[in-house]
Amino acid sequence: MDNKYNANSIDSVINYALQLKGKTLREACGNSIESHGYTGKGNFGQLLENFYFGIERNSRAEPDFLKVGLELKTSPLKINRKGEYSSKERLVLGIINYLKVHNETFETSSFWKKNAHLLLVFYLHDKHKDLLDYFIKIVGSWKYPSQDLLQIKRDWELINQKIKEGKAHELSEGDTFYLGACTKGSKGGNLRKQPFSHVQAPQRAYSLKQKYVNHIIANITDSETEVYGKIIDELAKVDASMSIEEVVILKFEPFYGKSVLEIAKILGLKINNKAKNYLAKLTNKLITKSILGIEASKKIEEFEKGNIEVKTIRLRADNLPKENISFRAFNYNRIINEDWEESGFKDILERRYLFIFYQFENKQLILKKVKFWNMPYLDIIEAKEVWEKTVQIIKQGNIVKRVDKNGKRFTNFPKKSNHRISHVRPHASNKYDTYPLPIADVLTGETKYMKHCFWLNNNYVKNEIYLK
DNA sequence: GCATGATCATGC
DNA sequence: GCATGATCATGC
């Protein structure tokens, strides 16, 4: 290519990239894209690389801009409810080569050689437009803050450990904090060999979690509005070699065995135990104020970036959670148009959770223990059946099985008694709280139906999370 | 006593 | 008005 930029100068490369802001690929590359055989298919990143930067397509282990150590990454944006740009997806950083990585250390890994310094180009995705007409909104370079890098290294090592144990097929995005192993390839069906097991494993890629990418965006555009507290600052006071999770648990332990009343007293909180969410609120304050030593109003940066969801559980004396665990209601029209790989339920199942277990003892709630957890991959595959059945029932308009004399509905959705992990039940304010149906219900002719959601079975929580 | 359907309370 | 977290009601 001509001398649009100097490939030996990092500033030159970045400045050239910054000129993309506000433009589309068509505007930025002139006619060269069409004249080079662009067929309407392809990927935004490749087109940008070829036609704007003049780099031939490659799948090298080195960064795209080799001489200055910069790796070009493009990623779509969406507009969130507040009208701000946020990442539409996780940021994929390259396929995991199961056969090779077990010989690498993080510092010498091909992952780190390639991805230590990123040149990021974010464009606004619009399903009504040709990708040549997407507007490029955010451009910037990115290096990991040293505190994040420690965690990313831990994440990378955990992924490697699983491969070394012959468990590449059990990898899940929820295993790790910032750097995830996401499925990659046609509907997750791409199977690869792994070195220490004869079981073939779904192809996966290193990726930064969507929430982490949002923080990168806020950082690049200098638009961070939330005020965060950091666990890591507490960590340094304890023992810098401990992980975020170890520190959180260590800080919780002094409260084990204490009652909600005692904890409230320590926190200086009044308890309104008529409010259904008082325990969740108390837990939240406990985490921020007492355990992490930050202001209760602040969000915890690491939990945000790592997409960690806190769940408060009340156990009965026999260790069974008093209730099943609900998630957000699904939209009938949306769920039937999703692939499993991009489905909301898979997102729920691949997340990492922090469970806070309280137990009833002599009518008092006692903090028993806390546990970071994510669903094992094989269980996710099992729970997938519940999703598939649900989608099929909605597609067939076969939701209602019968209506009793009081108007109470019985559905064909997957039941708890037939499924070990998860089931489907209503999750609505009342029966008038509905979502539209894609096709009318065969039995009742109704075109909308009470909101439902996936629930995690309480006996699964007892056996697979609390007792394990 | 549990499974399943239905609804409540709060905060943003 | 809705998402979130949770509990209630009933019949088998």
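Note on naming: letters A, B, ... go to the chains in the order of the sequence lines (proteins, then strands), and numbering restarts at 1 for each one.
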Check your understanding: Which whole-number value in Å describes the distance from A/Y449 OH to B/dA6 C1'?
Key -> 10 Å
Review point. Hey, do the aromatic rings of A/W387 and A/F345 have their centres closer than 6.0 Å?
Key: no
Review point. So which pairs with a foot in residues 453-466 of chain A pass salt bridge (charged side-chain N to carboxylate O under 4.0 Å, His left out), sequence neighbours left out?
Key: A/R420-A/E464, A/E464-A/K468
Review point. Do A/N190 and A/P202 have side-chain heavy atoms sitting under 4.5 Å apart?
Key: no
Check your understanding: Under 30°, 30 to 60°, or over 60°: which ring-plane class applies to A/F355 and A/Y353, parallel, tilted or perpendicular?
Key -> tilted
Point to revise | Short side-chain donor-acceptor distance under 3.5 Å, A/Q210 and A/R90 | key: no
Review point. Could you give the OH-to-C1' distance, from A/Y278 to C/dT4, as a whole number of Å?
Key: 17 Å
Study note, to complete from the structure: Sorted by number, residues from residues 307-337 of chain A placing a heavy atom under 4.0 Å from DNA chain B are A/R316, A/N324
**Study point:** Separation of B/dT7 C1' from A/R409 CZ (nearest whole Å)
**Key:** 16 Å
Check your understanding: Are the side chains of A/I244 and A/Q151 in touch, meaning some heavy atoms are under 4.5 Å apart?
Key -> yes
Review point. How would you list, by chain and number, every residue that makes a ring pair (Phe, Tyr, Trp, His ring centres under 6.0 Å) with A/F327, sequence neighbours excluded?
Key: none
Review point. With sequence neighbours excluded, what pairs up with A/Y85 under the ring pair (Phe, Tyr, Trp, His ring centres under 6.0 Å) test?
Key: none
Within the sub-3.5 Å range, which N or O atoms of nucleotides 10-12 of chain C have a protein N or O partner, and how far apart are they?
none

Study note, to complete from the structure: Sorted by chain and residue number, the side-chain hydrogen bond (donor to acceptor under 3.5 Å, both in side chains) partners of A/K162 (sequence neighbours excluded) come out as A/D175
Exercise for review: Only counting residues at least two apart or in another chain, list the ones meeting ring pair (Phe, Tyr, Trp, His ring centres under 6.0 Å) with A/F330.
Suggested key: A/Y332, A/F454
Review point. For residues A/E341 and A/T183, is any side-chain donor paired with an opposing acceptor at under 3.5 Å?
Key: yes
Practice item. Figure out the OH/C1' separation between A/Y358 and C/dA6, and round it to whole Å. Key: 15 Å
Review point. Residues from residues 415-426 of chain A sitting under 4.0 Å of DNA chain B, heavy atoms only?
Key: A/K415, A/K416, A/S417, A/R425, A/P426
Exercise for review: Kindly indicate, with the supporting measurements, whether the criterion side chain to side chain contact (heavy atoms under 4.5 Å, CB included) is fulfilled by A/I308 and A/R351.
Suggested key: CA-CA 7 Å; A/I308 307 298; A/R351 283 184 91 160; over 6 Å; no
Check your understanding: Parallel, tilted or perpendicular for A/Y178 and A/Y212, by the 30°/60° rule?
Key -> tilted
Check your understanding: Residues in ring pair (Phe, Tyr, Trp, His ring centres under 6.0 Å) with A/H169, at least two apart?
Key -> none
Check your understanding: For DNA chain C, what residues of residues 427-439 of chain A have any heavy atom nearer than 4.0 Å?
Key -> A/H427, A/Y435
Check your understanding: For DNA chain B, whose closest nucleotide is more 5', that of A/K281 or that of A/F410?
Key -> A/F410
**Study point:** Sequence-distant partners of A/N319, side-chain hydrogen bond (donor to acceptor under 3.5 Å, both in side chains), two or more places apart
**Key:** A/Q359
Practice item. Would you check if there is a donor-acceptor pair between the side chains of A/R425 and A/H423 at a distance under 3.5 Å? Key: yes
Revision key, fill the gap. Bend of the helix from B/dG1-C/dC12 to B/dC12-C/dG1 from end-axis comparison, five pairs per end, nearest 10°, comes to 30°
**Study point:** Whole-Å gap separating P (B/dG5) and NZ (A/K451)
**Key:** 19 Å
Practice item. Round to a whole Å and report the spacing from CZ of A/F454 to C1' of C/dT4. Key: 18 Å
Exercise for review: Nearest whole angstrom, please: distance from the C1' of C/dA3 to the CD1 of A/I348.
Suggested key: 12 Å
